Visitor: 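Structure below; questions to follow.
Keep in mind that this is a model prediction, so the values were computed, not measured. The first residue of the sequence shown is numbered 1, and numbering continues consecutively from there.
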Amino acid sequence: MFSNGVSMEECQSIARSVRLTRIQHLLHSDHQGLTTSELANLCGVCIRTIQRDLTSLQSDLGIPLTQDGDRYGIEKGYILPPVSFSLYEAVALFLASRLVLRQADEDNPHVQTAITKLAGVLPAEMSAEIKKSMAELDKKPSAPGFMDVFEKVAIAWTTHRRLKISYLSLQSTEEKEWLLDPYFLDMTGVGYSTYVIGRGIRNERDAITTFKL
């Protein structure tokens, strides 16, 4: 046993699962096919291990492999299954999802559905913990118009469009109109909120500005 309580067999199983996923993606992305020697070099294992992996992909996982001489590939038109994660990648995603849930100050259905889908591909223990955190998100207030603002900012940011916004800052009692070129979306623990950062244009002012959604 290792000091962290994970057995040698468990580590080998995790490494093999990661390698099988890597082989699938390598074969899927290389239209000329790859030899067992090339796959061995790319995966850092011996050729005999790759040969066993290829057999397992076909017989155990049903991956439609093709062979042209000494080159292996995946049948054209085959769509790879959803990406699987190693144990350590799963833990990293678990921590990231917990951070998002803690930083949100609004009930956001898009955050909920995204994290629900993520929970569905994580180990059962992690999935259960995420679902507990999701229940806390349900208790957060739903601000009128927040989802409409969130969606419009998301579209503008990803399609490089300019927004015209009305914004009420904490230091003012009057809403002001801005033109905004969104550069970045971020969440922060300072105000437990979502912010858009971009080029804000108003009257003679033209500067990088941060707005709370």
Visitor: Is L95 reachable from L93 through a run of hydrophobic residues whose side-chain heavy atoms are each under 4.5 Å from the next?
Guide: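 Yes; tracing contacts between hydrophobic side chains, which count when under 4.5 Å, links both residues.
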Visitor: Using the rule that two of Ile, Leu, Val, Met, Phe, Trp, Tyr join whenever any of their side-chain heavy atoms come within less than 4.5 Å, decide whether V111 and L213 are in one cluster.
Guide: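 V111 does not cluster with L213.
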Visitor: Salt bridge or not between R202 and E177? Use side-chain N to carboxylate O under 4.0 Å.
Guide: no
Visitor: Any Lys/Arg nitrogen of E38 or R71 sitting under 4.0 Å from an Asp/Glu carboxylate oxygen of the other?
Guide: yes
Visitor: Quick one: does any side-chain atom of S29 pair with a main-chain N or O of H25 as donor and acceptor, under 3.5 Å?
Guide: yes
Visitor: If you measure from CD1 on I201 to CG on L180, what distance do you get to the nearest 0.5 Å?
Guide: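 Atom-to-atom, I201:CD1 and L180:CG are 8.5 Å apart.
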Visitor: In Å and rounded to the nearest 0.5 Å, what is the CG to CD1 distance from D53 to I23?
Guide: 4.0 Å
Visitor: Could you tell me whether a side-chain N or O of T158 sits under 3.5 Å from a main-chain N or O of A154, the two making a donor and an acceptor?
Guide: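 Judged by distance alone, yes, a pair lies under 3.5 Å.
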Visitor: Taking the six-membered ring for Trp, are W157 and Y183 closer than 6.0 Å centroid to centroid?
Guide: no
Visitor: To the nearest 0.5 Å, how far apart are CD1 in I63 and CG in L20?
Guide: 9.0 Å
Visitor: In this structure, would L185 and V100 fall into the same cluster of hydrophobic residues linked by side-chain contacts under 4.5 Å?
Guide: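 L185 and V100: separate clusters.
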Visitor: So, N203 side chain and R205 main chain: donor-acceptor pair closer than 3.5 Å or not?
Guide: no
Visitor: Got a sec: does the CD of E175 have more than 12 other heavy atoms crowding it under 6.0 Å?
Guide: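 Atom CD in E175 is packed in, count exceeds 12.
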Visitor: For the atom pair OG (S166) and CH2 (W178), what is the distance rounded to the nearest 0.5 Å?
Guide: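 One gets 12.0 Å once the value is rounded to the nearest 0.5 Å.
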Visitor: Would you give the length of the straight line joining atom NE2 of H110 to atom CE of M147, rounded to the nearest 0.5 angstrom?
Guide: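 The distance works out to 3.5 Å.
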Visitor: Quick one: does T49's side chain have a donor or acceptor within less than 3.5 Å of a partner on I47's backbone?
Guide: no
Visitor: Using atom types as modelled and distance alone, determine if a side-chain donor or acceptor of T194 lies under 3.5 Å from a backbone N or O of M187.
Guide: no
Visitor: Flag the pair T209 / I197 as yes when at least one side-chain heavy-atom distance between them is below 4.5 Å, and no otherwise.
Guide: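 Counting from C-beta outward, T209 and I197 never come under 4.5 Å.
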Visitor: Keeping S97 on the side-chain end and F94 on the backbone end, is there a donor-acceptor pair under 3.5 Å?
Guide: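 At least one qualifying donor-acceptor pair exists.
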Visitor: Would you kindly confirm whether Y195 and L163 end up in one hydrophobic cluster when ILVMFWY residues are joined by side chain heavy atoms under 4.5 Å apart?
Guide: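 Hydrophobic grouping puts Y195 apart from L163.
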Visitor: Counting only heavy atoms from other residues, nucleotides and ligands, does the tally under 6.0 Å from CG of D68 exceed 12?
Guide: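 Atom CG in D68 is not packed in, count stays at 12 or less.
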Visitor: Nearest 0.5 angstrom please: L39 CG to Q51 CD, how far?
Guide: 10.5 Å
